[in-house]
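Report on the structure given below.
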Amino acid sequence: MSQPRAPEGARTSASRVRCPVNLKLDIQPPVVSTYTVPTDAPEADGTLAWDTTTIVIVEVAAGDATGTGWTYGPAAVGDLLREQLAPVVTGCDAFDIPAAHDTMCRTVRNAGRPGVAACAISALDIALWDLKARLLELPLVRLLGAAREAVPVYGSGGFTTYHDTHLAAELNGWVHGQHIPRVKIKIGESWGRAVTRDLARVHTAREVIGPETELYVDANGAYTRKQAVRVGGALAEYGVGWFEEPVSSDDLTGLRLVRDALVCDVAAGEYGYDLPYFARMIAAGAVDCLQVDATRCGGLTEFLRAAALAQSHGLEISSHCAPHAHAAVAAAVPNLRHIEWFHDHVRIESMFFDGALDPTGGAVHPDGGVGHGLTLRTEEVEEFRVA
C-alpha cells in the first residue's frame, strides 16, 4: 500500500529544516553582556524607586546559529552566568534543552536558586530556546506549538512618581494612540501611606481612559491586609478589575483573605523563582490569576510548567514584564489571560533589538522571522554596556 502524501505545506516546512533531528550540535561557550539604561523619568511603585534598569543578555551558539536571551536584575546575574552556568552548558546538545536546564538548576544548588541564580538560568534558557528554533529555521512559537495567533497585552506603567499630566499622556498613548483596551497603574505610594492620592490617581486614570477600558492597579505589596480590603472596596467604584499584590506576595494567607473579600481579581506571582513557589501560591488559594515571569522563574522551560500547573487548578496566567521574552511562549499557553506591556522594558527592548512587536489593537503576533524574531543591536547599545 502506498504511503499517504504529506500536505504541501508540511513538505515545504520540512525542506527548510537546516539540521537533521538526529544530529548532535554542541553548545559553544555563551557570551554574556550587561547593560545599565537610565529611565526616561524617575520611576517608583508602592515600595521601591529607581532611575536605571539593568539588562543582562546572553548569546549562545551552536552550528551556524546564535540564540539570544535576557533578564532584568543586578549585574551579579551576569557574573553568575559567566562563572557558574556558561561552563556547565558548554558542550551540551543544543537540541536537549531539558537536560541543559536540569544541569543549570543542579549547579546552583549551593548558591541558592531563588533570585540572582534563577534570573541567570532564565536568561540562558530563553537563549537556548531561541537557538533551537533558529537551528530548525522556525519561529519560536511554531517550535513550541501555538495555542493562539494573537497575544493580548495590557499597558503597564503609571508610576507613583508621575504627575497627573504625565499619567494622562501615558494612558492616552496606550488607549487612544495604540488602542490597547486594558491598562495598569501603580498605587500604594509610600508603603500605603498615601491612600488619598492613590485613589485620586485611579479617579484620574478612569476619566482619561473612559468607561469601556479595563483598569488594573498594582500595589506591589504596600498595604496591610485590612487596608487592602478597604482600598479594594473604594477601587470597585472605579471599575477596577485587577488588584495586583494588594499585600506582600509572601503573605499567602493575606492574599487569600483579600481575595475572598473583594469582587475584583487578585493577582500575584511575579517573584516566583521556581515551580514549588507557584505550587504553594495555588494551594493557598491566594490568586485569581497567576503571574509568571520567564526572566525569573527559570526561562521558557519553567514558564510552561507553571502554566500547566495553573491550568490543572482552573487558573489563568499572565506574564510579568519583559514582553518580548514572553510573546512566543504566551502564544503557546491555552490558559493565558494576557502579557504585560511594561513601559520600562518595552522602551529598553525596542532600543536593544531589531524586530520589536507592535501592540496596536491590544495584541501582538509573535510569528514573524525565526526564533523569537529579535536581533541584538550590539553597536547601537554599546554606550550602556557595563560588563
Side-chain angles (χ1 to χ4, degrees), residues 43-47 152-249 251 253-270 285-291 315-316 318 320 337-338 340-343 362:
E43 296 178 357
D45 54 34
T47 59
V153 307
Y154 69 88
S156 172
F159 302 108
T160 58
T161 44
Y162 285 1
H163 51 69
D164 286 353
T165 303
H166 193 161
L167 177 64
E170 184 175 66
L171 293 168
N172 269 312
W174 289 327
V175 177
H176 304 298
Q178 296 178 307
H179 306 289
I180 298 173
R182 53 196 82 85
V183 296
K184 185 177 80 180
I185 69 169
K186 301 289 190 180
I187 61 171
E189 183 178 348
S190 301
W191 285 93
R193 291 189 288 269
V195 173
T196 299
R197 183 167 188 262
D198 289 340
L199 296 178
R201 294 177 68 250
V202 173
H203 174 73
T204 296
R206 176 52 76 191
E207 286 192 325
V208 171
I209 66 177
E212 301 302 320
T213 301
E214 295 180 39
L215 179 58
Y216 305 162
V217 298
D218 181 2
N220 287 97
Y223 297 129
T224 63
R225 294 177 181 180
K226 287 193 175 181
Q227 186 184 26
V229 172
R230 292 192 294 271
V231 171
L235 293 174
E237 298 179 19
Y238 301 105
V240 172
W242 166 287
F243 196 172
E244 185 175 328
E245 289 189 335
V247 298
S248 170
S249 55
D251 183 8
T253 300
L255 284 172
R256 176 61 186 265
L257 290 171
V258 174
R259 180 192 178 200
D260 287 346
L262 300 181
V263 174
C264 63
D265 284 355
V266 168
E270 65 186 68
V287 295
D288 296 289
C289 185
L290 184 70
Q291 292 179 284
L315 291 177
E316 291 181 317
S318 176
H320 169 261
R337 184 175 296 193
H338 39 44
E340 182 175 15
W341 201 253
F342 180 57
H343 169 78

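Note that these values count all heavy atoms, side chains included, but never hydrogens, waters or copies made by symmetry.
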Between Tyr154 and Trp242, how do the two ring planes meet: parallel, tilted or perpendicular, split at 30° and 60°?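 Tilted.
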Is the ring pair Tyr238/His203 parallel, tilted or perpendicular, if the boundaries are 30 and 60 degrees?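 Ring orientation of Tyr238 relative to His203: perpendicular.
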Atom pair [atom1] ([X]) and [atom2] ([Y]), whose distance is rounded to the nearest 0.5 Å:
{"X": "Asn220", "Y": "Trp191", "atom1": "CG", "atom2": "CH2", "answer": "9.0 Å"}
{"X": "Glu237", "Y": "Leu199", "atom1": "CD", "atom2": "CG", "answer": "8.5 Å"}
{"X": "Glu43", "Y": "Thr160", "atom1": "CD", "atom2": "OG1", "answer": "10.0 Å"}
{"X": "Leu171", "Y": "Thr213", "atom1": "CG", "atom2": "OG1", "answer": "9.5 Å"}
{"X": "Leu235", "Y": "Leu215", "atom1": "CG", "atom2": "CG", "answer": "8.5 Å"}
{"X": "Arg201", "Y": "Ile185", "atom1": "CZ", "atom2": "CD1", "answer": "4.5 Å"}

Please report the closest heavy-atom contact between [X] and [Y], naming both atoms and the distance.
{"X": "Ala219", "Y": "Phe243", "answer": "CB-CE2, 3.9 Å"}
{"X": "Ala228", "Y": "Leu262", "answer": "O-CD1, 4.2 Å"}
{"X": "Leu255", "Y": "Pro246", "answer": "CD2-CD, 3.8 Å"}
{"X": "Ala268", "Y": "Val287", "answer": "N-CG1, 3.5 Å"}
{"X": "Tyr223", "Y": "Ile187", "answer": "OH-CD1, 3.7 Å"}

Please identify each residue that fulfils salt bridge (charged side-chain N to carboxylate O under 4.0 Å, His left out) with Lys184, with sequence neighbours left out. Asp218, Glu244, Glu340
Kindly write out the residues that satisfy salt bridge (charged side-chain N to carboxylate O under 4.0 Å, His left out) with Arg256, not counting sequence neighbours, or none if the list is empty.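 Arg256 satisfies salt bridge (charged side-chain N to carboxylate O under 4.0 Å, His left out) with Asp260 only.
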Qualifying residue, where the test is side chain to side chain contact (heavy atoms under 4.5 Å, CB included) with Arg206 and the options are Thr204, Ile209, Val208: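 Between Arg206 and the candidates, side chain to side chain contact (heavy atoms under 4.5 Å, CB included) is satisfied uniquely by Ile209.
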N/O donor-acceptor pair under 3.5 Å between [X] side chain and [Y] backbone:
{"X": "His343", "Y": "Gly158", "answer": "no"}
{"X": "Glu189", "Y": "Arg197", "answer": "no"}
{"X": "Arg259", "Y": "Gly285", "answer": "yes"}
{"X": "Thr47", "Y": "Ala222", "answer": "no"}
{"X": "Arg225", "Y": "Val258", "answer": "no"}

Show your working on side-chain contact (heavy atoms from CB on, under 4.5 Å) between Arg230 and Val195 and close with a plain yes or no. CA-CA 10 Å; Arg230 292 192 294 271; Val195 173; over 6 Å; no
Could you walk me through whether Ile180 and Val153 satisfy the side-chain contact (heavy atoms from CB on, under 4.5 Å) test, starting with their C-alpha distance in whole Å, then the side-chain angles of each, then the deciding distance to 0.1 Å, before giving a yes or no? CA-CA 7 Å; Ile180 298 173; Val153 307; 4.2 Å; yes
Using a 4.5 Å cut-off on heavy atoms from C-beta on, say whether the side chain of Asp198 contacts that of Val231. no
Quick one, His166 with Glu170, criterion side chain to side chain donor-acceptor pair (under 3.5 Å). Give me CA distance, side-chain angles, the key distance, then yes/no. CA-CA 6 Å; His166 193 161; Glu170 184 175 66; 5.5 Å; no
Identified side-chain hydrogen bond (donor to acceptor under 3.5 Å, both in side chains) partner of Ser318 from the options His338, Arg337, Gln291, Glu270: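 Option passing the side-chain hydrogen bond (donor to acceptor under 3.5 Å, both in side chains) with Ser318: His338.
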Using the ring pair (Phe, Tyr, Trp, His ring centres under 6.0 Å) criterion, which residues pair with Trp341? Sequence neighbours excluded.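 Checked Trp341 against ring pair (Phe, Tyr, Trp, His ring centres under 6.0 Å); matches are His324.
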